[in-house]
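Structure in structure tokens, see below.
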Amino acid sequence: LEVYNITLAKANHIPTFNFGFTTPDPMSNQGGHLPYYITLGANIPIWSWGETMRGSERAELKHQDEKIKGMLLQRSIQQAADELRTSLETTEESVSIFKTMADLEKLEALRKEIAFNAGSATYEELITVRHKAITKRLEAVKAQLALDETQLKLRLIAGTLISDYIRVDY
């Protein structure tokens with residue numbers, strides 16, 4: 001659009017010419033025919049040449065400004081996407097760690113239950129180990145939630161969120 005504005009501003013430099021036929025008095029009738037005169041005209045922008053030049057310079061500067069704004073927006077989106085990708089990698093690692101820790105605590109709770117049934121562990125020890133297992137599982141679920149949120153933000157920035165779930169036919 002800005003390129004067309006520049007072209008339009010430069011078009012004001014071009015002289016305009018006109019050509020036509022006219023009659024001095026359409027109401028007068030001289031012998032059944034009307035006198036027509038050929039008219040020629042030319043408008044050359046001499047006086048407003050400086051304003052026209054400034055108009056095209058303003059249009060070019062506005063074009064450059066919009067181009068730079070677009071580049072800045074593109075870079076900021078790219079930076080946000082890179083930060084989200086980095087966050088995604090670390091979140092994936094922490095999800096894996098939390099799931100492993102939750103599985104270990106679950107195995108420990110199972111071992112403690114076997115020991116309790118054998119009579120070598122107290123009920124308090126069994127409840128404590130089960131509480132730790134549930135806490136580790138909750139931490140794993142929270143880490144998975146953080147991973148899902150990060151993936152959602154990345155899909156939102158990438159622009160694939162709406163197209164994956166909403167079908168638009170043209």
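This is a predicted model, so every value here is computed, not measured. Keep in mind that the numbers below use all heavy atoms, side chains included, and drop hydrogens, waters and symmetry copies.
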To the nearest 0.5 Å, what is the distance between CD on Glu92 and OG1 on Thr90?
9.0 Å
Below 3.5 Å, can you tabulate the donor-acceptor pairs from side chains in residues 138-154 to any protein atom, sequence neighbours excluded?
| from | atom 1 | to | atom 2 | distance (Å) |
| --- | --- | --- | --- | --- |
| Gln144 | NE2 | Asp148 | OD1 | 3.1 |
| Thr150 | OG1 | Ala146 | O | 2.8 |

Would you say Ile77 and Ile157 make side-chain contact, with heavy atoms under 4.5 Å?
yes
Find the distance between OG (Ser120) and CD (Glu125) and round it off to the nearest 0.5 Å.
8.5 Å
Taken in chain and number order and not counting sequence neighbours, the residues that satisfy salt bridge (Lys or Arg N to Asp or Glu O under 4.0 Å) with Lys132 are none
For Arg130, is there an ion pair with Glu105 - N to carboxylate O distance below 4.0 angstrom?
no
If you define the side chain from C-beta out and look only at heavy atoms, does anything of Leu107 sit under 4.5 Å from Arg111?
no
Cluster question for you: counting only ILVMFWY and a side-chain heavy-atom cut-off of under 4.5 Å, with indirect links fine, are Val95 and Leu84 together?
yes
Tightest non-hydrogen contact, residues Arg85 and Asp82, listed as NH1-OD1, 2.9 Å
Working to the nearest 0.5 Å, report the span between OG1 of Thr39 and CZ of Phe19.
7.5 Å
Should we say atom OH of Tyr123 is surrounded by more than 12 heavy atoms from elsewhere, each under 6.0 Å from it?
no
Atom CD1 of residue position Ile38 - does it have more than 12 heavy atoms of other residues, nucleotides or ligands inside 6.0 Å?
no
Could you walk me through whether Lys62 and Asp65 pass the salt bridge (Lys or Arg N to Asp or Glu O under 4.0 Å) check?
CA-CA 5 Å; Lys62 186 176 179 185; Asp65 186 46; over 6 Å; no
How many angstroms lie between atom CG of Leu126 and atom CG of Leu110, to the nearest 0.5 angstrom?
10.5 Å
Do Ile68 and Leu61 land in one hydrophobic cluster if side-chain heavy atoms of ILVMFWY residues count as linked below 4.5 Å?
no
So Gln79 and Glu83, do their side chains get closer than 4.5 Å, heavy atoms only?
yes
Salt bridge or not between Asp103 and Lys106? Use side-chain N to carboxylate O under 4.0 Å.
no
